[in-house]
Chemist: 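Dumping the structure here so I can ask a few things about it.
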Amino acid sequence: MSNQKPSIPKGTRDFGPEEMARRNYIFDTIRGVFKKHGYVPIETPAMENLDTLLGKYGEEGDKLLFKILNSGDFLNGIDPEGMTSGALSMKLCEKGLRYDLTVPFARYVVQHQQEVEFPFRRYQIQPVWRADRPQKGRYREFYQCDADVIGSNSLLNEADLLGIIDTVFSKLNVRAKIKLNNRKILAGIADYIGQPEKITDITVAIDKIEKIGFDAVNQELEQKGVSVQGIYKLEPLFAITGYNQEKLDKLGRILQHSATGLKGIDEIKNLLAYLKPLDLKSTVELDISLARGLNYYTGTIIEVKAMDAEIGSICGGGRYDDLTGIFGLKDISGVGISFGADRIYDVMKHLKLFPGETDRSSQIMFANFGENEALYCLTLLAKLHAAGVSAELYPDNAKLKKQLSYADARHIQFIVLAGENEIREGLLAVKNMVTGEQVKVTPEELVELVKSE
RNA sequence: GUGGUUGUAGCUCAGUUGGUUAGAGCGCCAGAUUGUGGCUCUGGAGGUCGCCGGUUCGAGCCCGGUCUCCCACCCCA
């Protein structure tokens, strides 16, 4: 075990003090807005029972779950002979790391339904894990910041959440583009081309239209078994352009025979009306090719991208009508959003949007001149702490040069030099590391000096 | 899960057609400066060249495998 190379698992990261200061800046901003809108915090465990998680994220999602091997003699009473690997792994693993915060939230709501006051507005900021291959903007451990309202059908909730999104990104100085769609519109489109069972294939394919282009999408649709006729009927849908209102009108005419489609259009219309008084700074755009989160979303779909950086979505969300149903609580509709803190961090770092000099250590450092002097400094230190000033004493009687370089590297602005002479005089020599000036003050004046900075 | 790419000092990287003792810059430590940081100068520590195997008289360099990093696909925050 000697000389082992230190390392951490694939797709995970360490965060140093500077990164933490910046990450906390993001978390604090998001948390502040959540609170202001009346959301209350909850936390759930990192691991859930596997059957809570399985089947909620589609086939792909199941593969991306991190499973936890049972502890103890986990082979006890199990005969692997003749078992499929899936059945075997179900026996070996009963727990898994959470994949997102929405499903654990749904589980929480059902489990604690007696204590919960509906409509329930909660926020939750915790890490999630996915056994994905890491790449740009993709990690195996990352933080989600979720806000959800459960127990209300009203589109006012969607409007509230969009307001939160807009406020958060304007506070963080990130220019955001909010894309909206409605799962019912997508269902309407599948109806319209006469293959409602192909809704997933159709939406997944048209989601790529901007990325791979029209012809490639058609090819994929054909491969997935969508009729040539259907593809032909799809064509005018992509040609829809203009302002949101125009798009909705055109779409309404095309989908006029699909009740579901018209309902989706109606919902978007109402939502846009609710958005007007909010006067959002972000661009809000109806995008009928937006097809995210099809696993449990049933109504509004939301996706946010940074306008000045290519990194995928930095926030996503939508309405789910029956997520709690799986856990035994029917007819409870919810809607939620999820900020991807790590991607927001990447965007802000790339665009240099972090405010300068986040204070990350003490404002004052006492230089150490030996035992007796240190004892004197400890009294002053306690007073400073009580007065709300962050201060520390250098722990060793090292050369002053070394102590000052240390303070310099940590951006500590004031150095208190309290040596024999100063203590005798009752005055402290205070060096300002930024200006280079040095003044003599009484211990009382020191607090004022620092607070005035 | 599929495809591509990377790996040499704490960090960023050089390293010739395989040839003795593997280099630089930055950082770190010490000194010039025995109570004053940043700048400068001098000196020093630090590497089984990702790991395993193969070819060769000889491998950081060539070959195979493996792990890792990053990128794309799938999917997603």
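Sequence lines set the chain letters: A, B, ... in the order given, protein chains first and strands last, and positions in each chain run from 1.
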Chemist: For B:U17 and B:C13, measure between their P atoms and round to the nearest Å.
Modeler: 23 Å
Chemist: Which class fits the ring pair A:Y123 and A:F34: parallel under 30°, tilted 30 to 60°, perpendicular over 60°?
Modeler: tilted
Chemist: With a 4.0 Å cut-off on N to O distance, would you call A:E425 and A:K440 a salt bridge?
Modeler: yes
Chemist: Are the side chain of A:R98 and the backbone N or O of A:T44 linked by a donor-acceptor pair below 3.5 Å?
Modeler: yes
Chemist: Given atom CD1 of A:I301 and atom C1' of B:C76, what is their separation to the nearest angstrom?
Modeler: 14 Å
Chemist: Provide the distance between the two P atoms, one in B:C69 and one in B:U6, to the nearest whole Å.
Modeler: 16 Å
Chemist: Looking only at heavy atoms, which two atoms of A:L221 and A:D201 are closest? And how far apart?
Modeler: CD2-O, 4.2 Å
Chemist: At under 4.0 Å between heavy atoms, what does A:K305 touch on the DNA or RNA strands: base, sugar-phosphate, or nothing?
Modeler: nothing
Chemist: Starting at the 5' end of RNA chain B, which residue's closest nucleotide do you reach first, A:S405 or A:Q144?
Modeler: A:S405
Chemist: Below 3.5 Å between N/O atoms, which protein atoms pair up with nucleotides 32-35 of chain B? Just atom names and distances, please.
Modeler:
unit_1 : atom_1 : unit_2 : atom_2 : d
B:G35  : N1     : A:E422 : OE1    : 3.3
B:G35  : N1     : A:E422 : OE2    : 3.3
B:G35  : N2     : A:E422 : OE2    : 3.4

Chemist: Measure from CG on A:D201 to C1' on B:C74 and round the result to the nearest Å.
Modeler: 14 Å
Chemist: Tell me if the side-chain of A:R138 makes a donor-acceptor pair with the base of B:C75, cut-off 3.5 Å, by modelled atom types.
Modeler: yes
Chemist: Please state how far atom CZ in A:R130 lies from atom C1' in B:C74, giving the value in whole angstrom units.
Modeler: 14 Å
Chemist: When rounded to the nearest Å, what value does the distance between P atoms of B:U68 and B:G50 take?
Modeler: 16 Å
Chemist: Give, for atom NZ of A:K399 and atom CG of A:N397, the distance between the pair rounded to the nearest 0.5 Å.
Modeler: 12.0 Å
Chemist: Considering only the C1' atoms, how many Å lie between B:C11 and B:G7, rounded to the nearest integer?
Modeler: 15 Å
Chemist: Indicate, with a heavy-atom threshold strictly under 4.0 Å, whether A:Y139 touches base, sugar-phosphate, or nothing.
Modeler: base
Chemist: Can you run down the ring-ring contact (aromatic ring centres under 6.0 Å, His included) pairs that involve residues 169-190 of chain A, sequence neighbours left out, and say none if there aren't any?
Modeler: A:F169-A:F339
Chemist: Keeping the roles fixed (side chain from A:D132, backbone from A:R140), state whether a donor-acceptor pair exists under 3.5 Å.
Modeler: no
Chemist: Expressed as a whole number of Å, how far does the P atom of B:G23 sit from that of B:U16?
Modeler: 14 Å
Chemist: Determine which bases of RNA chain B form Watson-Crick or G-U wobble pairs with both distances under 3.5 Å, and write the result as a 5' to 3' dot-bracket string with | for other-strand partners.
Modeler: ((((..(..((((.....[...)))).(((((.......))))).....(((((..]....))))))..))))....
Chemist: Output every pair passing salt bridge (charged side-chain N to carboxylate O under 4.0 Å, His left out) with a member in residues 334-347 of chain A, not counting sequence neighbours, ordered by first then second residue.
Modeler: A:R13-A:D342, A:R23-A:D342
Chemist: Between B:G37, B:A77, B:C29, which nucleotide gets closest to the side-chain atoms of A:K431?
Modeler: B:G37
Chemist: Aromatic rings A:F354 and A:Y345: how do their planes relate, parallel, tilted or perpendicular, breaks at 30° and 60°?
Modeler: tilted
Chemist: Classify every nucleotide of nucleotides 66-71 of chain B by which part a protein heavy atom approaches to under 4.0 Å, writing B for the base, S for the sugar-phosphate alone and - for neither, in 5'-to-3' order.
Modeler: --SS-S
Chemist: Can you establish whether the number of heavy atoms outside A:E197 located under 6.0 Å from its atom CD is more than 12?
Modeler: yes
Chemist: Need one value for A:G312: base, sugar-phosphate or nothing, where a base atom within 4.0 Å counts as base even if backbone is also close, heavy atoms only.
Modeler: nothing
Chemist: Give me the ring orientation class for A:Y99 and A:Y57: parallel if the planes are under 30° apart, tilted from 30 to 60°, perpendicular past 60°.
Modeler: tilted
Chemist: Round to the nearest Å and state the distance from A:R140 atom CZ to B:C75 atom P.
Modeler: 18 Å
Chemist: When you compare the ring of A:F142 with the six-membered ring of B:A77's base, are the centres less than 5.5 Å apart and the planes under 30° from each other?
Modeler: yes
Chemist: How is A:G58 classified with respect to the nucleic acid when contacts are heavy atoms under 4.0 Å: base, sugar-phosphate, or nothing?
Modeler: nothing
Chemist: A:R410 CZ to B:G38 P: how many Å, rounded?
Modeler: 18 Å
Chemist: Can you list every pair that meets ring-ring contact (aromatic ring centres under 6.0 Å, His included) and has a residue in residues 132-156 of chain A, with sequence neighbours left out?
Modeler: A:F27-A:Y143
Chemist: Check this for me, if you would: do A:R121 and A:D160 make a salt bridge, where the nitrogen-to-carboxylate-oxygen distance has to be below 4.0 angstrom?
Modeler: yes
Chemist: With a 4.0 Å cut-off on heavy atoms, is A:C145 in touch with a base, just the backbone sugar-phosphate, or nothing at all?
Modeler: nothing
Chemist: Does the plane of the ring in A:F105 sit parallel, tilted or perpendicular to the ring in A:Y108? Use 30° and 60° as the thresholds.
Modeler: parallel
Chemist: Say we look at B:A77 and B:G25: how far apart would their P atoms be, to the nearest angstrom?
Modeler: 48 Å
Chemist: What is the separation between atom CD1 on A:I125 and atom C1' on B:A77, rounded to the nearest whole Å?
Modeler: 14 Å
Chemist: Sticking with atom C1', work out how far B:G1 lies from B:U8, rounded to a whole angstrom.
Modeler: 33 Å
Chemist: Distance check needed: B:C75 C1' versus A:D62 CG, whole Å only.
Modeler: 13 Å
Chemist: Measuring only the C1' atom in each nucleotide, how far is B:U56 from B:C61? A whole number of Å is fine.
Modeler: 13 Å
Chemist: Roughly how many Å is it from NE2 in A:H411 to C1' in B:G38, rounded to a whole number?
Modeler: 11 Å
